[in-house]
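In what follows, chains are A, B, ... by sequence order, proteins preceding strands, each numbered from 1. Both backbone and side-chain heavy atoms feed into the values below; hydrogens, waters and symmetry mates do not. Predicted model only: the values in this text are computed from it and were never measured.
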2 protein chains.
Amino acid sequence: MSQLFSPEAISTARASGKRLRIGELAKATGVTVETLRYYEHQGLLTAPARGDNGYRYYSPENLERVHFILRAKAVGFTLKDIEELLSLEVQRESHTCQEVKDMAEAKLAEIEQRMSELARMREALSTLTDACCGGPMSAEHCTILSALAEGEVHAEHHHHSPDMEALAQKRDSHSSGC
Amino acid sequence: MSQLFSPEAISTARASGKRLRIGELAKATGVTVETLRYYEHQGLLTAPARGDNGYRYYSPENLERVHFILRAKAVGFTLKDIEELLSLEVQRESHTCQEVKDMAEAKLAEIEQRMSELARMREALSTLTDACCGGPMSAEHCTILSALAEGEVHAEHHHHSPDMEALAQKRDSHSSGC
DNA sequence: CTCAACCCTAAAGTCAACAACAAGGTTGAG
DNA sequence: CTCAACCTTGTTGTTGACTTTAGGGTTGAG
Ligand SMILES: [Zn+2]
Ligand SMILES: [Zn+2]
Ligand SMILES: [Zn+2]
Ligand SMILES: [Zn+2]
């Protein structure tokens with residue numbers, strides 16, 4: 001588990017010199033080791049120090065960077081975006097707030113774009129579901145299928161007539177549209 | 001992207017028994033010929049009639065089905081979903097409204113799930129952008145980058161002191177956080 | 001006849017973000 | 001010493017919805 005020094009002793013004494021193997025870093029960040037190697041391959045993580053055995057040994061800075069990546073992912077940035085963000089982050093003083101904020105706002109606009117797309121879908125779909133009775137009768141005149149087939153939703157909400165509801169307990173087609 | 005309900009597009013080629021070549025169908029539906037062949041390959045479109053030359057000749061029913069697919073896509077169904085929907089559609093009377101509505105409601109829940117995910121991202125990201133000044137100064141103390149690096153947003157909105165704004169016209173770091 | 005604009009098939013490539021595999025070397029507990 | 005649990009590299013597979021490529025045949029206007 002531990003390298004030259006016992007991990008507990010080290011962590012209590014000083015966190016700064018602690019070097020993690022890939023599995024430990026994975027556990028610490030909640031991602032898989034494959035993901036960490038993938039991030040390295042993609043240039044999101046700088047190649048960490050290696051031991052004589054070839055193992056990767058990660059510094060606390062590496063750990064921080066993984067957290068950076070995960071936080072950026074959590075707010076909607078793609079890995080490609082994050083690569084860009086990291087290039088800003090590593091040399092902050094040679095970039096401006098404007099550059100950073102522009103990226104964030106562009107991403108915000110992207111997110112809002114996708115949200116309104118989904119909102120449009122939701123409205124259309126909920127109109128469809130509202131019009132369908134959802135009963136155990138034949139879908140022959142189902143308003144959902146009809147709307148998809150014919151391109152228009154017949155806004156008349158479905159109301160089986162009492163007679164039909166009484167009689168058509170199963171599989172009877174309901175002809176009034178559903 | 002596309003209109004959900006566009007009734008006028010349908011009625012044009014329906015009256016005549018005209019058979020469309022793939023390019024014509026593509027133009028009529030707004031998808032590429034490759035996409036049409038792809039849909040056929042995926043079983044979403046039944047293999048159309050062929051001429052002696054091997055060309056596909058599409059019936060108006062085929063056109064209807066493409067529209068069905070596009071409308072279902074527009075409300076958020078995947079192609080796999082649509083395959084299922086089509087199997088309900090082609091034999092409506094052997095299925096129930098319940099089956100259809102269940103699918104639609106499941107898809108609706110999926111859409112709402114994705115929307116709330118995006119809403120979460122938007123909140124987090126807009127908190128970040130609100131706190132950043134977006135000015136032409138060095139990003140050394142940029143609140144966005146700091147929040148990503150340190151995992152917390154310092155809610156203090158950025159206010160350059162008047163002195164600094166006057167003096168730091170370009171590239172000066174602003175130390176009070178941005 | 002020529003030539004562009006169509007059409008055909010089957011297979012491979014694209015994108016994102018990993019996951020899975022093969023075929024090994026290393027470590028540490030029992 | 002054995003054995004599981006790590007670690008290594010490199011390659012391939014996954015998902016969805018196409019797009020592109022390669023290598024042809026067909027049509028119709030000039
Ligand atoms: Zn129905
Ligand atoms: Zn009904
Ligand atoms: Zn800033
Ligand atoms: Zn600032």
Taking atom P of D:dC18 as reference, at what distance in whole Å does atom CG of B:L45 sit?
12 Å

What is the separation between atom OH on A:Y38 and atom C1' on C:dA20, rounded to the nearest whole Å?
15 Å

Find the distance between CZ (A:R92) and CG (B:L145) and round it off to the nearest 0.5 Å.
5.0 Å

Nearest-Å distance for atom pair CG/C1', residues A:L44 and C:dA17:
11 Å

Presence of B:K73 side-chain N/O under 4.0 Å of D:dG16 phosphate oxygens OP1/OP2:
no

Classify every nucleotide of nucleotides 4-9 of chain C by which part a protein heavy atom approaches to under 4.0 Å, writing B for the base, S for the sugar-phosphate alone and - for neither, in 5'-to-3' order.
--BSSB

Exactly one of B:Q91, B:E99, B:Q98 should register a side chain to side chain donor-acceptor pair (under 3.5 Å) with B:H95. Which one does?
B:E99

D:dT8 P sits how many Å from A:L36 CG, rounded?
10 Å

A:Y39 vs C:dC18: side-chain N/O to OP1/OP2 distance below 4.0 Å:
yes

May I ask you to decide whether B:E110 forms a salt bridge with B:K107, counting only side-chain N to carboxylate O separations under 4.0 Å?
yes

Any side-chain N or O of B:T32 under 4.0 Å from OP1/OP2 of D:dT19?
yes

Separation of D:dT14 P from B:K80 NZ (nearest whole Å):
16 Å

For C:dG30, the nucleotide meeting Watson-Crick or G-U wobble distances (both under 3.5 Å) is D:dC1

Using Watson-Crick geometry (N1-N3 plus N6-O4 or O6-N4) or G-U wobble (N1-O2, O6-N3), each under 3.5 Å, C:dA10 is paired with D:dT21

Can you confirm whether more than 12 heavy atoms, excluding those of B:R37, are under 6.0 Å from its CZ atom?
yes

Could you give the distance from CD1 (A:I69) to CG (A:L79), rounded to the nearest 0.5 Å?
7.5 Å

Is there a side-chain contact between A:T35 and the phosphate of C:dA19, meaning an N or O under 4.0 Å from OP1 or OP2?
yes

The side chain of A:E34 lies closest to which of these nucleotides: C:dA20, D:dT20, D:dA17?
C:dA20

Kindly indicate whether the side chain of A:S59, heavy atoms from C-beta on, has any atom under 4.5 Å from the side chain of A:R19.
yes

Note: for B:L79 and B:D52 on DNA chain D, the residue whose nearest nucleotide lies more 5' is B:L79

Over how many whole Å does the gap from A:H41 atom NE2 to C:dA20 atom C1' extend?
16 Å

For A:E34, does the CD atom sit with more than 12 other heavy atoms under 6.0 Å from it, leaving out its own atoms?
yes

Between atom CD in A:E83 and atom P in C:dC15, what is the gap in whole Å?
14 Å

Rounded to whole Å, how long is the line connecting atom CD of B:Q42 with atom C1' of C:dA11?
14 Å

